[in-house]
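Chain identifiers are assigned alphabetically (A, B, ...) following the order of the sequence lines, protein sequences preceding nucleic acid strands; residue numbering begins at 1 within each chain.
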Protein chains: 2
Amino acid sequence: MLSIGKLSAATGVKVPTIRYYEEVGLLPEAERSAGNQRLYRAEHQERLAFIRHSRELGFPLDDIRELLSLSDRLEISCAAADVIANRQLSAVKDRIARLQALQQELERMLTQCAKGTISDCKVIEVLGNHENCLHDHHREGCHLGYPAHDS
Amino acid sequence: MLSIGKLSAATGVKVPTIRYYEEVGLLPEAERSAGNQRLYRAEHQERLAFIRHSRELGFPLDDIRELLSLSDRLEISCAAADVIANRQLSAVKDRIARLQALQQELERMLTQCAKGTISDCKVIEVLGNHENCLHDHHREGCHLGYPAHDS
DNA sequence: GATAGGATCTCCAGCCACTAGAGGTTCAAG
DNA sequence: CTTGAACCTCTAGTGGCTGGAGATCCTATC
(Lines give C-alpha, C1' and ligand atoms only; values in the text may rest on other atoms or scores of the structure.)
Protein backbone atom coordinates (compact mmCIF):
# COMPACT_ATOMS: atom_id res chain seq x y z
CA MET A 1 0.00 0.00 0.00
CA LEU A 2 1.56 3.22 -1.19
CA SER A 3 0.89 6.69 0.08
CA ILE A 4 0.19 9.31 -2.56
CA GLY A 5 3.72 10.62 -2.14
CA LYS A 6 5.29 7.23 -2.81
CA LEU A 7 3.02 6.72 -5.80
CA SER A 8 4.08 10.11 -7.08
CA ALA A 9 7.76 9.24 -6.68
CA ALA A 10 7.23 5.87 -8.31
CA THR A 11 5.45 7.20 -11.39
CA GLY A 12 6.81 10.71 -11.76
CA VAL A 13 3.32 12.19 -11.60
CA LYS A 14 2.99 15.06 -9.16
CA VAL A 15 0.83 14.66 -6.08
CA PRO A 16 -1.76 17.31 -6.98
CA THR A 17 -1.97 15.82 -10.46
CA ILE A 18 -2.82 12.41 -9.03
CA ARG A 19 -5.60 13.97 -6.98
CA TYR A 20 -6.75 15.79 -10.08
CA TYR A 21 -6.89 12.54 -12.05
CA GLU A 22 -9.03 11.02 -9.33
CA GLU A 23 -11.30 14.05 -9.37
CA VAL A 24 -11.92 13.82 -13.09
CA GLY A 25 -12.43 10.06 -12.96
CA LEU A 26 -9.27 8.79 -14.60
CA LEU A 27 -8.25 7.06 -11.43
CA PRO A 28 -10.79 5.30 -9.18
CA GLU A 29 -11.33 6.79 -5.76
CA ALA A 30 -8.50 5.59 -3.60
CA GLU A 31 -8.91 3.63 -0.42
CA ARG A 32 -8.21 5.63 2.70
CA SER A 33 -6.18 5.04 5.81
CA ALA A 34 -7.69 5.43 9.27
CA GLY A 35 -6.65 9.09 9.11
CA ASN A 36 -8.24 9.68 5.70
CA GLN A 37 -5.11 9.52 3.60
CA ARG A 38 -5.11 7.91 0.19
CA LEU A 39 -3.65 4.41 -0.23
CA TYR A 40 -2.71 2.80 -3.51
CA ARG A 41 -1.69 -0.61 -4.80
CA ALA A 42 0.25 -1.94 -7.76
CA GLU A 43 -2.81 -1.83 -10.00
CA HIS A 44 -3.22 1.87 -9.40
CA GLN A 45 0.42 2.39 -10.12
CA GLU A 46 0.04 0.60 -13.46
CA ARG A 47 -2.98 2.61 -14.38
CA LEU A 48 -1.22 5.83 -13.51
CA ALA A 49 1.84 4.82 -15.51
CA PHE A 50 -0.44 4.20 -18.47
CA ILE A 51 -1.95 7.64 -18.06
CA ARG A 52 1.40 9.28 -17.72
CA HIS A 53 2.84 7.64 -20.76
CA SER A 54 -0.19 8.49 -22.81
CA ARG A 55 0.08 12.10 -21.73
CA GLU A 56 3.74 12.10 -22.75
CA LEU A 57 2.60 10.99 -26.16
CA GLY A 58 0.24 13.93 -26.24
CA PHE A 59 -3.10 12.18 -25.85
CA PRO A 60 -5.78 14.38 -24.33
CA LEU A 61 -7.39 13.11 -21.15
CA ASP A 62 -10.62 12.19 -22.89
CA ASP A 63 -8.76 9.91 -25.26
CA ILE A 64 -6.89 8.38 -22.36
CA ARG A 65 -10.17 7.71 -20.61
CA GLU A 66 -11.31 5.83 -23.66
CA LEU A 67 -8.04 3.94 -24.07
CA LEU A 68 -8.20 2.91 -20.44
CA SER A 69 -11.68 1.55 -20.79
CA LEU A 70 -10.61 -0.34 -23.90
CA SER A 71 -7.60 -1.77 -22.11
CA ASP A 72 -9.89 -3.32 -19.53
CA ARG A 73 -11.73 -5.36 -22.14
CA LEU A 74 -9.12 -7.80 -23.34
CA GLU A 75 -11.38 -9.74 -25.67
CA ILE A 76 -12.61 -6.97 -27.98
CA SER A 77 -10.93 -5.84 -31.16
CA CYS A 78 -8.24 -3.24 -30.84
CA ALA A 79 -9.52 -1.34 -33.85
CA ALA A 80 -10.93 1.38 -31.64
CA ALA A 81 -7.55 1.89 -30.02
CA ASP A 82 -5.98 2.14 -33.43
CA VAL A 83 -8.44 4.80 -34.43
CA ILE A 84 -7.53 6.90 -31.43
CA ALA A 85 -3.82 6.45 -31.95
CA ASN A 86 -4.12 7.27 -35.64
CA ARG A 87 -6.09 10.39 -34.85
CA GLN A 88 -3.34 11.40 -32.49
CA LEU A 89 -0.70 10.67 -35.10
CA SER A 90 -2.50 12.89 -37.61
CA ALA A 91 -2.75 15.65 -35.08
CA VAL A 92 0.96 15.42 -34.41
CA LYS A 93 1.86 15.41 -38.10
CA ASP A 94 -0.40 18.34 -38.75
CA ARG A 95 1.12 20.27 -35.93
CA ILE A 96 4.64 19.54 -37.13
CA ALA A 97 3.75 20.84 -40.58
CA ARG A 98 2.34 24.05 -39.17
CA LEU A 99 5.33 24.56 -36.95
CA GLN A 100 7.73 24.01 -39.81
CA ALA A 101 5.98 26.73 -41.77
CA LEU A 102 6.35 29.03 -38.78
CA GLN A 103 9.98 28.14 -38.45
CA GLN A 104 10.63 29.09 -42.08
CA GLU A 105 8.82 32.35 -41.64
CA LEU A 106 10.70 33.24 -38.50
CA GLU A 107 14.03 32.35 -40.04
CA ARG A 108 13.33 34.40 -43.13
CA MET A 109 12.29 37.30 -40.98
CA LEU A 110 15.45 37.10 -38.93
CA THR A 111 17.90 36.70 -41.80
CA GLN A 112 16.41 39.71 -43.54
CA CYS A 113 16.96 41.89 -40.54
CA ALA A 114 19.89 44.24 -41.04
CA LYS A 115 20.44 44.71 -37.30
CA GLY A 116 19.80 48.41 -37.59
CA THR A 117 17.07 50.47 -35.99
CA ILE A 118 13.45 49.60 -35.50
CA SER A 119 12.43 51.85 -38.37
CA ASP A 120 13.97 49.52 -40.93
CA CYS A 121 13.72 46.29 -38.99
CA LYS A 122 12.30 43.48 -41.06
CA VAL A 123 11.10 41.65 -38.00
CA ILE A 124 8.78 44.44 -37.01
CA GLU A 125 7.80 45.12 -40.58
CA VAL A 126 6.93 41.55 -41.38
CA LEU A 127 4.87 41.22 -38.25
CA GLY A 128 2.85 44.23 -39.25
CA ASN A 129 2.32 43.16 -42.81
CA HIS A 130 1.16 39.73 -43.75
CA GLU A 131 1.83 40.29 -47.44
CA ASN A 132 5.53 39.71 -46.84
CA CYS A 133 4.71 36.16 -45.93
CA LEU A 134 5.12 32.94 -47.80
CA HIS A 135 2.44 31.04 -46.01
CA ASP A 136 -0.99 31.86 -44.91
CA HIS A 137 -0.47 30.32 -41.55
CA HIS A 138 -3.92 30.52 -40.11
CA ARG A 139 -3.30 30.33 -36.44
CA GLU A 140 -1.11 27.78 -34.85
CA GLY A 141 -3.27 27.32 -31.84
CA CYS A 142 -0.73 26.14 -29.36
CA HIS A 143 1.11 27.91 -26.58
CA LEU A 144 4.34 27.94 -28.44
CA GLY A 145 6.16 30.51 -26.46
CA TYR A 146 6.04 28.79 -23.14
CA PRO A 147 6.29 25.04 -23.04
CA ALA A 148 3.23 25.06 -20.86
CA HIS A 149 3.08 22.59 -18.01
CA ASP A 150 6.59 21.31 -18.40
CA SER A 151 8.31 21.45 -15.11
CA MET B 1 -14.50 55.08 -38.09
CA LEU B 2 -15.14 51.38 -37.92
CA SER B 3 -17.47 49.56 -35.58
CA ILE B 4 -16.02 46.56 -33.79
CA GLY B 5 -17.82 44.27 -36.21
CA LYS B 6 -16.26 45.95 -39.25
CA LEU B 7 -12.85 45.88 -37.62
CA SER B 8 -13.37 42.21 -36.93
CA ALA B 9 -14.29 41.53 -40.55
CA ALA B 10 -11.35 43.61 -41.78
CA THR B 11 -8.73 41.85 -39.67
CA GLY B 12 -10.16 38.38 -39.17
CA VAL B 13 -10.02 38.76 -35.41
CA LYS B 14 -13.23 37.83 -33.66
CA VAL B 15 -15.23 40.49 -31.87
CA PRO B 16 -14.84 39.08 -28.35
CA THR B 17 -11.13 38.68 -28.97
CA ILE B 18 -10.80 42.34 -29.85
CA ARG B 19 -12.53 43.26 -26.61
CA TYR B 20 -10.24 40.85 -24.81
CA TYR B 21 -7.16 42.51 -26.31
CA GLU B 22 -8.42 45.85 -25.11
CA GLU B 23 -9.03 44.43 -21.65
CA VAL B 24 -5.50 43.10 -21.34
CA GLY B 25 -3.98 46.29 -22.70
CA LEU B 26 -2.81 45.20 -26.13
CA LEU B 27 -5.18 47.63 -27.78
CA PRO B 28 -5.82 51.10 -26.34
CA GLU B 29 -9.29 51.80 -25.06
CA ALA B 30 -11.43 52.58 -28.04
CA GLU B 31 -13.33 55.78 -28.54
CA ARG B 32 -17.06 55.43 -28.08
CA SER B 33 -20.09 56.49 -30.04
CA ALA B 34 -22.92 58.43 -28.40
CA GLY B 35 -24.48 55.09 -27.56
CA ASN B 36 -21.29 53.67 -25.97
CA GLN B 37 -20.20 51.50 -28.88
CA ARG B 38 -16.53 51.16 -29.77
CA LEU B 39 -15.15 53.08 -32.74
CA TYR B 40 -11.85 52.37 -34.46
CA ARG B 41 -9.58 53.99 -37.03
CA ALA B 42 -6.93 52.82 -39.46
CA GLU B 43 -4.23 52.94 -36.79
CA HIS B 44 -6.13 50.52 -34.61
CA GLN B 45 -6.61 48.27 -37.57
CA GLU B 46 -2.87 48.24 -38.21
CA ARG B 47 -2.11 47.49 -34.61
CA LEU B 48 -4.61 44.68 -34.56
CA ALA B 49 -3.20 43.23 -37.78
CA PHE B 50 0.22 43.27 -36.15
CA ILE B 51 -1.14 41.41 -33.16
CA ARG B 52 -2.94 38.92 -35.29
CA HIS B 53 0.03 38.14 -37.42
CA SER B 54 2.26 37.79 -34.41
CA ARG B 55 -0.23 35.35 -32.88
CA GLU B 56 -0.25 33.37 -36.10
CA LEU B 57 3.50 33.08 -35.73
CA GLY B 58 2.94 31.76 -32.25
CA PHE B 59 4.18 34.68 -30.17
CA PRO B 60 2.62 34.80 -26.73
CA LEU B 61 0.73 37.96 -25.84
CA ASP B 62 3.44 39.18 -23.49
CA ASP B 63 5.98 39.07 -26.29
CA ILE B 64 3.59 40.85 -28.59
CA ARG B 65 3.13 43.56 -26.02
CA GLU B 66 6.88 44.06 -26.00
CA LEU B 67 7.17 43.97 -29.78
CA LEU B 68 4.43 46.55 -30.06
CA SER B 69 6.17 48.89 -27.68
CA LEU B 70 9.40 48.44 -29.62
CA SER B 71 7.65 49.14 -32.88
CA ASP B 72 6.60 52.53 -31.58
CA ARG B 73 10.19 53.63 -31.04
CA LEU B 74 11.57 53.87 -34.52
CA GLU B 75 14.96 55.22 -33.53
CA ILE B 76 16.16 52.47 -31.18
CA SER B 77 18.08 49.37 -32.15
CA CYS B 78 16.08 46.40 -33.23
CA ALA B 79 18.28 44.02 -31.27
CA ALA B 80 15.58 43.56 -28.65
CA ALA B 81 13.09 42.54 -31.33
CA ASP B 82 15.61 40.06 -32.67
CA VAL B 83 16.03 38.54 -29.25
CA ILE B 84 12.30 37.96 -28.95
CA ALA B 85 12.02 36.52 -32.43
CA ASN B 86 15.00 34.25 -31.86
CA ARG B 87 13.54 33.03 -28.63
CA GLN B 88 10.35 32.22 -30.47
CA LEU B 89 12.30 30.46 -33.19
CA SER B 90 14.05 28.29 -30.61
CA ALA B 91 10.76 27.44 -28.99
CA VAL B 92 9.34 26.41 -32.35
CA LYS B 93 12.36 24.28 -33.22
CA ASP B 94 12.28 22.63 -29.86
CA ARG B 95 8.64 21.84 -30.20
CA ILE B 96 9.14 20.38 -33.65
CA ALA B 97 11.86 18.09 -32.33
CA ARG B 98 9.64 16.84 -29.53
CA LEU B 99 6.75 16.28 -31.85
CA GLN B 100 8.90 14.36 -34.29
CA ALA B 101 9.92 12.02 -31.49
CA LEU B 102 6.26 11.52 -30.68
CA GLN B 103 5.45 10.89 -34.28
CA GLN B 104 8.06 8.14 -34.48
CA GLU B 105 6.77 6.55 -31.33
CA LEU B 106 3.19 6.61 -32.48
CA GLU B 107 4.10 5.21 -35.86
CA ARG B 108 6.12 2.42 -34.34
CA MET B 109 3.28 1.63 -32.01
CA LEU B 110 0.79 1.47 -34.85
CA THR B 111 2.88 -0.61 -37.25
CA GLN B 112 3.48 -3.17 -34.53
CA CYS B 113 -0.19 -3.63 -33.91
CA ALA B 114 -1.45 -6.89 -35.35
CA LYS B 115 -5.06 -5.69 -35.56
CA GLY B 116 -6.18 -8.43 -33.26
CA THR B 117 -7.78 -8.13 -29.86
CA ILE B 118 -6.94 -5.75 -27.08
CA SER B 119 -5.13 -8.46 -25.18
CA ASP B 120 -2.30 -8.52 -27.70
CA CYS B 121 -2.57 -4.97 -28.96
CA LYS B 122 0.76 -3.23 -29.10
CA VAL B 123 -0.86 0.15 -28.85
CA ILE B 124 -2.32 -0.58 -25.46
CA GLU B 125 0.75 -2.44 -24.36
CA VAL B 126 3.16 0.31 -25.31
CA LEU B 127 1.07 2.90 -23.59
CA GLY B 128 1.21 0.91 -20.41
CA ASN B 129 4.90 0.22 -20.53
CA HIS B 130 7.42 2.90 -21.15
CA GLU B 131 10.26 0.42 -21.58
CA ASN B 132 9.07 -0.34 -25.09
CA CYS B 133 9.95 3.20 -26.04
CA LEU B 134 12.83 4.63 -27.96
CA HIS B 135 12.71 8.07 -26.48
CA ASP B 136 12.27 9.34 -23.04
CA HIS B 137 9.82 11.94 -24.16
CA HIS B 138 9.30 13.88 -21.00
CA ARG B 139 6.02 15.57 -21.57
CA GLU B 140 5.11 17.38 -24.69
CA GLY B 141 3.09 19.99 -22.96
CA CYS B 142 0.78 21.06 -25.73
CA HIS B 143 -2.88 20.35 -26.40
CA LEU B 144 -2.18 18.11 -29.30
CA GLY B 145 -5.45 16.35 -29.52
CA TYR B 146 -7.62 19.31 -30.10
CA PRO B 147 -6.28 22.08 -32.29
CA ALA B 148 -7.34 24.51 -29.62
CA HIS B 149 -8.77 27.84 -30.67
CA ASP B 150 -8.70 27.20 -34.37
CA SER B 151 -12.07 27.87 -35.79
C1' DG C 1 -42.48 57.51 -36.57
C1' DA C 2 -42.93 52.72 -35.24
C1' DT C 3 -40.86 48.35 -35.40
C1' DA C 4 -38.02 44.44 -36.29
C1' DG C 5 -33.86 42.29 -35.96
C1' DG C 6 -29.06 42.48 -36.12
C1' DA C 7 -25.06 44.37 -33.81
C1' DT C 8 -23.32 45.90 -29.80
C1' DC C 9 -22.78 46.41 -24.66
C1' DT C 10 -21.23 44.30 -19.88
C1' DC C 11 -20.40 40.59 -17.01
C1' DC C 12 -19.58 35.97 -15.85
C1' DA C 13 -18.51 31.07 -16.63
C1' DG C 14 -15.98 27.65 -19.11
C1' DC C 15 -12.18 25.36 -21.84
C1' DC C 16 -7.58 22.15 -20.96
C1' DA C 17 -4.60 20.11 -17.76
C1' DC C 18 -2.90 21.24 -14.41
C1' DT C 19 -0.38 24.41 -10.51
C1' DA C 20 -0.08 27.11 -6.32
C1' DG C 21 -1.49 28.52 -2.00
C1' DA C 22 -4.06 28.78 2.48
C1' DG C 23 -5.13 26.65 6.51
C1' DG C 24 -5.78 22.49 8.86
C1' DT C 25 -4.75 17.28 10.08
C1' DT C 26 -2.02 12.98 10.27
C1' DC C 27 1.91 10.25 10.49
C1' DA C 28 6.67 8.53 11.30
C1' DA C 29 11.16 9.40 13.25
C1' DG C 30 13.80 10.59 17.15
C1' DC D 1 5.93 13.51 23.23
C1' DT D 2 7.46 16.57 20.02
C1' DT D 3 8.74 18.02 15.69
C1' DG D 4 8.19 18.63 10.96
C1' DA D 5 7.25 16.48 6.65
C1' DA D 6 3.55 14.73 4.28
C1' DC D 7 -1.06 14.68 3.81
C1' DC D 8 -6.03 16.66 3.60
C1' DT D 9 -9.73 19.98 1.33
C1' DC D 10 -10.84 23.99 -0.94
C1' DT D 11 -10.24 27.86 -3.89
C1' DA D 12 -8.10 30.53 -7.39
C1' DG D 13 -4.97 31.19 -11.19
C1' DT D 14 -2.54 30.00 -15.74
C1' DG D 15 -3.03 31.36 -21.41
C1' DG D 16 -5.85 32.93 -24.76
C1' DC D 17 -9.59 33.08 -25.74
C1' DT D 18 -14.97 31.42 -26.37
C1' DG D 19 -19.80 31.35 -25.38
C1' DG D 20 -23.93 32.76 -23.17
C1' DA D 21 -27.36 35.82 -20.67
C1' DG D 22 -29.72 39.79 -20.64
C1' DA D 23 -29.79 44.58 -21.81
C1' DT D 24 -29.07 48.36 -25.08
C1' DC D 25 -28.21 50.51 -29.58
C1' DC D 26 -28.43 51.26 -34.56
C1' DT D 27 -30.27 50.85 -39.07
C1' DA D 28 -33.45 49.52 -42.59
C1' DT D 29 -38.04 48.97 -43.89
C1' DC D 30 -42.95 50.00 -43.68
Side-chain angles (χ1 to χ4, degrees), chain A residues 1-27 29-40 48 51-52 54-65 88 91 138-151, chain B residues 1-27 29-40 48 51-52 54-65 88 91 138-151:
Chain A
M1 291 295 232
L2 300 170
S3 71
I4 198 169
K6 308 287 183 199
L7 181 66
S8 168
T11 57
V13 178
K14 289 181 190 158
V15 169
T17 306
I18 297 174
R19 287 195 280 248
Y20 171 75
Y21 287 160
E22 179 180 316
E23 193 191 319
V24 299
L26 278 174
L27 286 175
E29 288 193 27
E31 285 178 68
R32 300 296 182 122
S33 73
N36 198 34
Q37 305 200 344
R38 287 171 180 83
L39 292 175
Y40 298 93
L48 186 53
I51 297 170
R52 188 195 167 182
S54 304
R55 283 296 299 138
E56 284 171 354
L57 289 171
F59 289 91
L61 295 190
D62 279 351
D63 283 359
I64 297 174
R65 211 185 308 275
Q88 176 63 11
H138 282 310
R139 194 54 61 89
E140 215 315 278
C142 197
H143 317 206
L144 299 161
Y146 303 113
H149 17 263
D150 272 357
S151 50
Chain B
M1 291 295 232
L2 301 170
S3 71
I4 198 168
K6 308 285 183 199
L7 181 65
S8 168
T11 57
V13 178
K14 288 180 189 159
V15 169
T17 305
I18 297 173
R19 287 196 279 251
Y20 171 74
Y21 286 161
E22 180 181 313
E23 194 190 318
V24 298
L26 278 174
L27 287 175
E29 288 192 28
E31 286 177 69
R32 299 295 182 122
S33 73
N36 197 36
Q37 304 198 345
R38 288 172 181 82
L39 292 174
Y40 299 93
L48 186 53
I51 296 170
R52 188 196 165 179
S54 303
R55 284 296 298 140
E56 283 171 356
L57 289 170
F59 289 91
L61 295 190
D62 279 351
D63 283 358
I64 297 174
R65 211 185 306 275
Q88 175 62 11
H138 283 311
R139 193 54 61 88
E140 216 315 279
C142 200
H143 317 205
L144 298 161
Y146 302 113
H149 15 265
D150 272 356
S151 52

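The side chain to side chain donor-acceptor pair (under 3.5 Å) check on B:Arg19 picks up nothing, with sequence neighbours excluded. For the ring-ring contact (aromatic ring centres under 6.0 Å, His included) test, residues two or more places apart in sequence or in another chain that qualify with B:Tyr40 are B:His44. With sequence neighbours left out, A:Thr17 forms a side-chain contact (heavy atoms from CB on, under 4.5 Å) with A:Val13, A:Lys14, A:Tyr21.
Proximity note for B:Val15 (side chain, C-beta onward) versus C:dC18, C:dT8, D:dT9: the nearest is C:dT8.
Under 4.0 angstrom from either OP1 or OP2 of C:dT19 there lies at least one side-chain N or O belonging to A:Thr17. Of the side-chain N and O atoms in A:Arg38, none sit less than 4.0 angstrom from OP1 or OP2 of D:dC7. Here A:Tyr21 does not reach the OP1 or OP2 of C:dA17: none of its side-chain N or O atoms lies under 4.0 Å away. Applying the 4.0 Å criterion to OP1 and OP2 of D:dG15, one finds that B:Arg65 has every side-chain N and O outside that range. A close approach under 4.0 Å does occur between a side-chain nitrogen or oxygen of A:Ser3 and OP1 or OP2 of D:dC7. Phosphate proximity of C:dT19 to A:Lys14: present, with a side-chain N or O under 4.0 Å from OP1 or OP2. In terms of phosphate contacts, B:Arg19 brings no side-chain nitrogen or oxygen within less than 4.0 Å of OP1 or OP2 of D:dG19. Remark: B:Arg55 is in phosphate contact with D:dC17, judged by side-chain N or O atoms under 4.0 Å from OP1 or OP2.
To the nearest angstrom, P of C:dC16 lies 7 Å from CG of A:Asp62. Across the protein-nucleic acid pair, B:Glu29 atom CD and C:dC9 atom C1' stand 14 Å apart, rounded to whole Å. When the C1' atom of D:dG16 is taken as reference, atom CD of B:Glu23 falls 11 Å away, rounded to whole Å. Remark: P of C:dA17 and CD of A:Glu22 are 18 Å apart, rounded to the nearest angstrom. Separating the CD1 atom of A:Ile64 from the C1' atom of C:dA17 is a distance of 10 Å, rounded to the nearest angstrom. To the nearest angstrom, P of C:dG6 lies 19 Å from CD1 of B:Ile4. Rounded to an integer number of Å, the gap from CE of A:Met1 to P of C:dC27 is 14 Å. Atom P of nucleotide D:dT18 and atom CD1 of B:Ile18 are separated by 11 Å, given to the nearest angstrom.
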Original post:
How far apart are the C-alpha atoms of A:Ile51 and A:Leu27, what are their side-chain angles, what is the distance that settles it, and do they pass the side-chain contact (heavy atoms from CB on, under 4.5 Å) test?
Top reply: CA-CA 9 Å; A:Ile51 297 170; A:Leu27 286 175; 4.0 Å; yes
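The backbone N or O of B:Ser3 lies less than 3.5 Å from no partner atom in the side chain of B:Gln37, so there is not a single donor-acceptor pair.
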Measure all distances between protein nitrogen or oxygen atoms and nitrogen or oxygen atoms of nucleotides 22-24 of chain C, and list the pairs falling under 3.5 Å.
none

Contact list (N/O, under 3.5 angstrom) for nucleotides 20-26 of chain D vs protein:
from   : atom 1 : to      : atom 2 : distance (Å)
D:dC26 : OP1    : B:Gly35 : N      : 2.9

Pairs: protein N or O with nucleotides 28-30 of chain C N or O, under 3.5 Å:
none

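Looking at A:Arg32 and A:Leu39, their side chains never come closer than 4.5 Å, going by heavy atoms from C-beta outward.
No option in A:Glu31, A:Glu29, A:Glu22 other than A:Glu22 meets the side chain to side chain contact (heavy atoms under 4.5 Å, CB included) test with A:Arg38.
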